[in-house]
Amino acid sequence: MKLPKTYEPSEYEANIYALWERSGAFTADPTSHKDHFSISMPPPNETGTLSLGHALFLTLQDIMARHARQQGKDVLWLPGTDHAALPVNAIIERKLVEEGTNKHEIGRDAFLARTREFVADSRGTMLTQMRAMGASADWTRLRYTLDDALNRCVNETFTKMYSDGLIYRGNRIVNWDPILETNVSDIEVEYVEEKAKFYTFQYGPFQIGTARPETKFGDKYVVMHPDDERYATYQHGDTFETEWINGPITATIIKDDAVDPKFGTGVMTITPWHSQIDFEIAERHGLDKEQIIDFHGKLLPIAGEFEGLTITEARERIVQKLDHKGLLVKTDDHYLHSIAVNERGKAVIEPQIRLQWFVDVNKPVVNWKGKQRSITEVLQAVIADKDITITPQRFNKIYSHWVDNYRDWCISRQIWWGHRVPAWYRTDTDGKQETYVGVQPPTDQSDGWHDWEQDPDTLDTWFSSALWTWSTLIDPAIAQDYSLSLDELLQLSPDFKAYHPTTVMETGWDILPFWVIRMILMSTYVTGQVPFKDVYLHGMVKAADGKKMSKSRPESIIDPLKIIPQYGTDALRMGLIMGVKPGNDQNWSTGKIEANRNFCNKLWNIARFIEATLGDDYTPEKLEITSVADHWIMQKLQQNQQAIHADLDQYAFSEAYDKLYHFIWDDVADWYIEASKAAPNKPLLAFLLETMLLLVHPFAPFVSETVWQTLGWEGDSLLATKTVVAIPKAAAAKAESFTQIQNIVTESRFIQNALKVSGVTLYYNGVDFLRDNAAIIKRLARLRDVTEVTDGTGLYLTSTSASCWLDIDQATAKAYLGELAQKQTQQKAVITQLEQRLSNTSYVKNAPHAVVTQTKDQLAEARQLLVSLEREYARFDTTA
RNA sequence: GGGCGCUUAGCUCAGUUGGCUAGAGCAUCUCGUUUACACCGAGAGGGUCGGGGGUUCGAAUCCCUCAGCGCCCACCA
């Protein structure tokens, strides 16, 4: 015996993984004549550690990749990491503060050197941990969002979009984080409910409500809905004088339908510099905009005596001052509103107007299928035209909703870690400014002009992530040749030619708007291709109580690296996909992991049994399907293999897993292995094991490969690189006989259990398949014997048409009358139901023929069973 | 305000275009240590599929409605 008694995953996993990687089993070959299959791995944060979310996506993508390899495809699963600009930048800034310095003191170059050092130290951690999950990724093609080639792609794309007018620079209102001192995109902002005070002030003839009096210094426009009857006497453009915080001001009346007449007094003043809505109103009417709060969150000189105070410091004092002036009308202490915070760091967002770079999503300059369209039009078209399908389907709606509400994407960030905006500015001696945008820095020097200076900002991390599917396929060596255009780079890169569009994008539904939509945006624009044909979205793994795993509740976080040594990676993988629907969140449950640890053990022991049965001196023999059990298991094997592959082709992972689990545990272990103990078919057992290992492999690669390697039936061959084997055809009639045997065994067990008897003899009268399988039945039903007789008394079995009975004396058997009566009642109910259905002419007329036939068969079967039951019942009733 | 999802056994969840007596894992109860496995085997109990209405020969599945839970988006002057 080569297989030890128990499977200890931790003793094998690392070695098995090393064996795979060393062998090149995961290395893609773009020159292969096989069909290509490709997945871009969503690049995790390079400084992160493996979470259950990572474990889930690695499992799903690994199943896809391994399944495709088994189907004989050339597979590229391209791994990588993301530079995660904002969080990494924040970590370094915090470290600097802890050291008593800051980024401005040490300067940009030192800051970047410091950051590079930090990420280099931590990047390996994530890569090692991804391997621990068994990920069959092509590590020879590992990419990083800050690779030189990717940086070139970023600059090329930016330049191309700039020249097409898809990227512009403008003064727009942005979500400003005064703590991290950068702006963040709309979708990185989250809202937190907060109870606040809501003040109503007298403002000239009007009353206005606000929760933010500290922004009101510069307010000189009062806005109301044009149809609001209460203010019909006031005309758009009218002015009036009023006393305000720091003395008298002149205010102008503006009519705009952005105002909700039902809210408060239906009148508001606006602060265009610090509110999205106010900004839009100001834009519509060409109004002045003034900055009130600086970029550190402090009040500017316009606040007069309040200058330099923070928002919270100033608020109460301003209210007091207005109160003293008699302008405070009322205060509502129970006002509930949402405040915007940055999801990274949770700092309160202060809208600010800043000169930023934006992607224009509405300009119709993208060439898609021969037409000039806007980005949003292309994004809608790829779904409408089914160039891309999303699983589960319901996310189509969510996708459309996002795209319909897409606003210009602000792509510049005021942090240092990341791809720097490829724009340079210079001024001449008269102060005239010139902008240059290009892949490489401008080199010209002209008299009368100052030197070029690069834009200090970096790009949103998602800008480079959006290029991921194709930028990672560009040959890094070719990318160094700047004489080539971006299009030439793509066309000359073998990986791009072979693997793009990628086959499928597997990721969490939460980053559909951040990433999936933007990859489609960039890929269609730059390459003219969709980035992927299918999108598969998985759900979140939440804590056992159904709430999010959160750093604020450390006890809620499950660390996969603690689960793996305890239960094995395979158990974790299968536990994460068991019973989980695409796009649905799941709650963590150790029970599922345990169940799969047990499943691995079951598989291991099936292998041990087969190994022991074959014996050490076993030499391969020709496969022959002989017994009814053989035919039955081969039929099951064939059906399950087909069904499991079909499920996997449709990304129905939990369905495929469920079939696999029950085939192996119920059919193979509980029936076929047990039957084999009476009469083993060695070549068939060997074939069955090999086929099972192949079926299990995508789900549980470690245990399956460990068994395969330990047995060493084919020398050095790897299970990971084997392809699907054809299953020889079984005879349906013989397989059916085995189900008869199952009925006999099950009923015999049931009766013995119910009557608390054991070691009973089963008699039968002239039934061939019973004669042939007497030993198997005896063993499985734990009978004393299975004997052929011509006649006799006892308790007849009712679940089979075969004539057989258990040798149980009348007195004991009488106790079974109750069971028989109960079964009769059940059976009569079934028959009544079926008869009613068939007597319904509409049913017979309307239901599909197959369904009606099925019903008739069921009825015939049910009647037959009832006859048996009644006969048996009568026999005892009369002899009693 | 708009949208999406969920509500099925004690618990966690499957149930693919409507069609076997609605399933799984865990838990529970009974029996059992037979040399693959106690991380085991055999057997059992347990659900009027959230409530109500409708469509249909037929509804857990489709439609309407109500209730509860969760999430997303917008707004919050």
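Being a predicted model, the structure only gives us computed values, none of them experimental.
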Nucleotide nearest A:N846 when distance is taken to its side chain, options B:C57, B:C75, B:C39: B:C57
Under 6.0 Å from the six-membered ring centre of A:F699 and within 45° of its axis: does the NZ or CZ of A:K659 meet both? no
Reckon A:G264 touches a base, only the sugar-phosphate, or nothing at all at heavy-atom distances under 4.0 Å? nothing
Cation over ring, A:K677 on A:F609, under 6.0 Å and within 45°? yes
May I ask you to say what A:S338 touches in the nucleic acid, namely base, sugar-phosphate or nothing, with a heavy-atom cut-off under 4.0 Å? base
CZ of A:F653 versus P of B:A14: gap in Å, rounded? 16 Å
Give a yes/no on whether any side-chain N or O of A:N753 is located under 4.0 angstrom from OP1 or OP2 of B:U30. no
Rounded off to whole Å, could you give me the CZ-to-P distance for the A:F599 and B:C40 pair? 12 Å
Remember a base hit wins even if backbone is also touched, and classify A:A850 as base, sugar-phosphate or nothing at under 4.0 Å, heavy atoms. nothing
If you only use heavy atoms from C-beta on, which nucleotide in B:U21, B:C57, B:G43 is closest to the side chain of A:Q827? B:U21
Between atom NZ in A:K659 and atom C1' in B:G25, what is the gap in whole Å? 17 Å
Looking at every strand, decide which applies to A:V580 at a 4.0 Å heavy-atom threshold: base, sugar-phosphate, or nothing. nothing
Which is true for A:W604 with a 4.0 Å heavy-atom rule: it touches a base, it touches only sugar-phosphate, or it touches nothing? nothing
Can you tell me the distance, in whole Å, between the CD atom of A:Q752 and the P atom of B:G41? 19 Å
If you assign each of A:K262 and A:V844 to its closest nucleotide in RNA chain B, which residue comes earlier from the 5' end? A:V844
Measuring from the side chain of A:Y843 (C-beta onward, heavy atoms only), which nucleotide among B:G19, B:U12, B:U21 has the closest atom? B:G19
Is a donor-acceptor pair below 3.5 Å formed from side chain A:E674 to base B:A36, judging by atom type as modelled? yes
Touch check for A:T269, heavy atoms < 4.0 angstrom, all strands: base, sugar-phosphate only, or nothing? sugar-phosphate
Counting heavy atoms from C-beta on, name the nucleotide in B:C71, B:G25, B:A36 closest to the side chain of A:H662. B:G25
Counting side-chain heavy atoms from C-beta on, which of B:A36, B:C39, B:G19 comes nearest to A:N598? B:C39
Can you tell me if A:R837 touches the phosphate of B:U21, counting only side-chain N or O atoms and a distance under 4.0 Å to OP1 or OP2? yes
Between OG1 on residue A:T812 and CG on residue A:L795, distance to nearest 0.5 Å: 10.0 Å
What is the distance, rounded to the nearest whole Å, between atom CG of A:L834 and atom C1' of B:G19? 12 Å
From the set B:A24, B:C71, B:C75, return the single nucleotide nearest to any side-chain atom of A:I277. B:C75
Mind checking if A:Y661 touches a base, just sugar-phosphate, or nothing, with heavy atoms under 4.0 Å? sugar-phosphate
Out of curiosity, A:Q826 CD to A:L869 CG, how far, rounded to the nearest 0.5 Å? 9.5 Å
Is a donor-acceptor contact shorter than 3.5 angstrom present between the side chain of A:R394 and the base of B:C4? no
What distance do A:K197 atom NZ and A:T210 atom OG1 have between them, rounded to the nearest 0.5 Å? 14.0 Å
Tell me whether the NZ or CZ atom of A:R749 lies within the 45° cone about the ring axis of A:W671 and under 6.0 Å from its centre. yes
Which listed nucleotide (B:A42, B:U21, B:U34) is nearest to the side chain of A:D670? B:A42
Categorize A:F263 for me: base, sugar-phosphate, or nothing, with a 4.0 angstrom heavy-atom threshold over every strand shown. base
Within this structure, what is the CG-to-P distance between A:N587 and B:U12, rounded to whole angstrom? 8 Å
Taking only side-chain nitrogens and oxygens of A:K5, does any of them come within less than 4.0 Å of OP1 or OP2 of B:C37? yes
Ranking B:C4, B:U34, B:C76 by distance to the side chain of A:K397, first place goes to B:C4
For A:K856, is there an ion pair with A:E861 - N to carboxylate O distance below 4.0 angstrom? no
Rounded to the nearest Å, what distance is computed from the OH atom of residue A:Y657 to the P atom of nucleotide B:U16? 20 Å
Could you please name the option among B:C37, B:A24, B:C57 that lies closest to any side-chain atom of A:N601? B:C37
Involving RNA chain B, stems made of at least three consecutive Watson-Crick or G-U pairs, both distances under 3.5 Å: B:1-7 with B:67-73, B:10-13 with B:23-26, B:28-32 with B:40-44, B:50-54 with B:62-66
Any A:K581 side-chain N or O less than 4.0 Å from OP1/OP2 of B:G15: yes
For the pair A:Y234 and A:Y231, name the ring-plane relationship: parallel under 30°, tilted 30 to 60°, perpendicular over 60°. tilted
Looking at every non-hydrogen atom in both residues, tell me the closest pair between A:S799 and A:L865 and how far apart they are. CA-CD1, 4.1 Å
In whole Å, what separates the P atom of B:U28 from that of B:A14? 24 Å
Remember a base hit wins even if backbone is also touched, and classify A:I208 as base, sugar-phosphate or nothing at under 4.0 Å, heavy atoms. nothing
Below 4.0 Å: OP1/OP2 of B:G41 and any side-chain N or O of A:W665: yes
Distance, nearest 0.5 Å, that separates CG of A:L685 from OG of A:S676: 4.5 Å
With respect to the phosphate group of B:A36, does any side-chain polar atom (N or O) of A:K602 fall under 4.0 Å of OP1 or OP2? no
Starting from C1' on B:C40, measure out to CG on A:N605 and report it in whole angstrom. 9 Å
Classify the nucleic acid contact of A:D647 as base, sugar-phosphate or nothing, counting any heavy atom under 4.0 Å across all strands shown. nothing
Just compare B:G32, B:U12, B:C57 and give me whichever is closest to any side-chain atom of A:A847. B:C57
